[in-house]
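Below is one structure, written out as structure tokens; the observations come after it.
Keep in mind that what you see is a predicted model, and the values were worked out from it rather than measured. Per chain, numbering begins at 1; letters A, B, ... match sequence-line order.
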There are 2 protein chains.
Amino acid sequence: MKNTVPLAFSDHNHEKCRAASINAAYRQGLRLTKWRQLVLDLLLEDHRSMGAYEILEKLECHGVKPQPPTAYRALEYLVEHGLVHRIEKQNAYVACARPDMCRNAGFIVCKTCRKVAEIEYASSEADLLHIAAESGFETKSAIMEVEGVCADCQKSA
Amino acid sequence: MKNTVPLAFSDHNHEKCRAASINAAYRQGLRLTKWRQLVLDLLLEDHRSMGAYEILEKLECHGVKPQPPTAYRALEYLVEHGLVHRIEKQNAYVACARPDMCRNAGFIVCKTCRKVAEIEYASSEADLLHIAAESGFETKSAIMEVEGVCADCQKSA
DNA sequence: TGTACCGGTGTTACACTATAACGGTTTTTT
DNA sequence: AAAAAACCGTTATAGTGTAACACCGGTACA
Ligand SMILES: [Zn+2]
Ligand SMILES: [Zn+2]
Ligand SMILES: [Zn+2]
Ligand SMILES: [Zn+2]
């Protein structure tokens, strides 16, 4: 078993996370316009998820406060290109924690502090994908989300 | 590999599904009030998911059309007691397909016809749950959802 | 016989999440 | 340069979910 200490729940050099995201964007030749850049920067601040309107409130460029579609457009682009993931259980968004090798992304989500640990789920959960494929199902996307309270939040409660 | 033909995507005696749900409710001594009963009946019609407002529109008792909280209260109760699952990717609800042995429920969801196949995603220890537990995380709930287009819908497209 | 409690219901109003549609501007492609 | 595509600003609206409060019926218990 590898990776028993999820990154998001432990101290780490977060600059590396941030740099990995920027690099991935560059390598893919993505076009990071001002809003996309700003949204991504916000999400890269830490491993917490943010709601679209929470992001929207913090968005601003030269004194201009944009409308909802602006935030949603940026998020849509970033999700499509794998730099951001949507956390379905929270209607929220989080920066991809491993943009250079992101496959079978599963998430461990704290209900209290909203930190999100991103883990590559292994073969066992992927049974579902096998069953889907065997029955002629064409899979478009898959999520595995575990929700609860992280160790830190348990202590402070 | 067992269960390679998901129930929802194949012909089957659906009366048995319906009966299993009713039996489970009875065995657990659940209190199925009129609205709970009506909502459950709606969801038990087949293995398709329904949105809360879709359910609400079809709800009616002696000519009385209830308000949103009525539907949400019934759904909350049924979900809490395991007779109904919430499909996060669709903001929708579906009757539990195996209420007598429902653990580690994963879902294969067709974007087109909204049929939902319910599969136990791992018989042994699921990796994500394992990692969560090892890091002191207290898991409250977990979902695994695979979304795409089922074989039937591919043909008719 | 009250009466205090509790779960369920009815109702209103509101909060949160997300998208449609249109027109204008900038960037890319031909 | 012209055409096409992508992006952005703006308005309005759709879709999903809750807070809050009053009321009603049963039941436990004084
Ligand atoms: Zn980090
Ligand atoms: Zn936490
Ligand atoms: Zn069935
Ligand atoms: Zn189930």
Find the distance [X]:[atom1] to [N]:[atom2] and express it as a whole number of Å.
X        : N       : atom1 : atom2 : value
Leu38(B) : dG8(C)  : CG    : C1'   : 15 Å
Tyr53(B) : dT17(C) : OH    : P     : 14 Å
Leu59(B) : dT9(C)  : CG    : P     : 11 Å
Asn91(B) : dA15(C) : CG    : P     : 20 Å
Tyr72(B) : dA15(C) : OH    : P     : 17 Å
Glu76(B) : dG7(C)  : CD    : C1'   : 13 Å

Check: Could you run down nucleotides 20-30 of chain C 5' to 3' and tag each one B, S or - for protein heavy-atom contact under 4.0 Å?
Finding: BB-----S---
Notebook entry, point to check: Could you give the angle between the helix axes at the two ends of the helix from dT1(C)-dA30(D) to dT30(C)-dA1(D), with five pairs per end, rounded to 10 degrees?
Noted result: 30°
Next item on the list: With sequence neighbours excluded, tell me which residues meet salt bridge (Lys or Arg N to Asp or Glu O under 4.0 Å) with Glu138(B).
Entry: Lys140(B)
Donor-acceptor contacts, no H, no angles, side chain residues 144-157 of chain B, under 3.5 Å, sequence neighbours left out:
unit_1    : atom_1 : unit_2    : atom_2 : d
Glu145(B) : OE1    : Lys89(B)  : N      : 3.1
Glu145(B) : OE2    : Glu88(B)  : N      : 2.9
Gln154(B) : NE2    : Gly136(A) : O      : 2.8
Gln154(B) : NE2    : Val149(B) : O      : 2.9
Ser156(B) : OG     : Asp152(B) : O      : 3.2
Ser156(B) : OG     : Cys153(B) : O      : 3.4

Next item on the list: Scan for salt bridge (Lys or Arg N to Asp or Glu O under 4.0 Å) pairs involving residues 54-70 of chain A, sequence neighbours excluded, and state none if there are none.
Entry: Glu54(A)-Arg114(A)
Notebook entry, point to check: Tell me the salt bridge (Lys or Arg N to Asp or Glu O under 4.0 Å) pairs involving residues 26-39 of chain B, sequence neighbours left out?
Noted result: none
I'd like to check the side-chain hydrogen bond (donor to acceptor under 3.5 Å, both in side chains) partners of [X]; sequence neighbours left out, ordered by chain and number.
X        : value
His81(A) : none
Asp41(A) : Gln37(A)
Glu80(B) : none

Next item on the list: If you link ILVMFWY side chains whenever their heavy atoms are less than 4.5 Å apart, which other residues fall into the same cluster as Leu59(A)? By chain and number, please.
Entry: Ile22(A), Leu30(A), Leu32(A), Trp35(A), Leu38(A), Val39(A), Leu40(A), Leu42(A), Leu43(A), Leu44(A), Met50(A), Tyr53(A), Ile55(A), Leu56(A), Tyr72(A), Leu75(A), Tyr77(A), Leu78(A), Val79(A), Leu83(A), Val84(A), Tyr93(A)
Notebook entry, point to check: For Arg36(B) and dG7(C), is the shortest distance between a side-chain N/O and OP1 or OP2 below 4.0 Å?
Noted result: no
Notebook entry, point to check: Is a donor on one side and an acceptor on the other found under 3.5 Å between the side chain of Arg103(B) and the backbone of Glu120(B)?
Noted result: no
Item checked: Shared hydrophobic cluster for Leu128(A) and Ile143(B) (ILVMFWY, side-chain gaps under 4.5 Å) -> no
Notebook entry, point to check: Contact class for Lys34(B) vs. all strands (heavy atom < 4.0 Å): base, sugar-phosphate, or nothing?
Noted result: sugar-phosphate
Checklist line | chain A contact limits on DNA chain D, taken 5' to 3' with a cut-off of 4.0 angstrom to heavy atoms | finding: dA6(D) to dT11(D)
Next item on the list: Could you list the residues that satisfy side-chain contact (heavy atoms from CB on, under 4.5 Å) with Ala105(B), not counting sequence neighbours?
Entry: His85(B), Cys102(B), Phe107(B), Glu118(B)
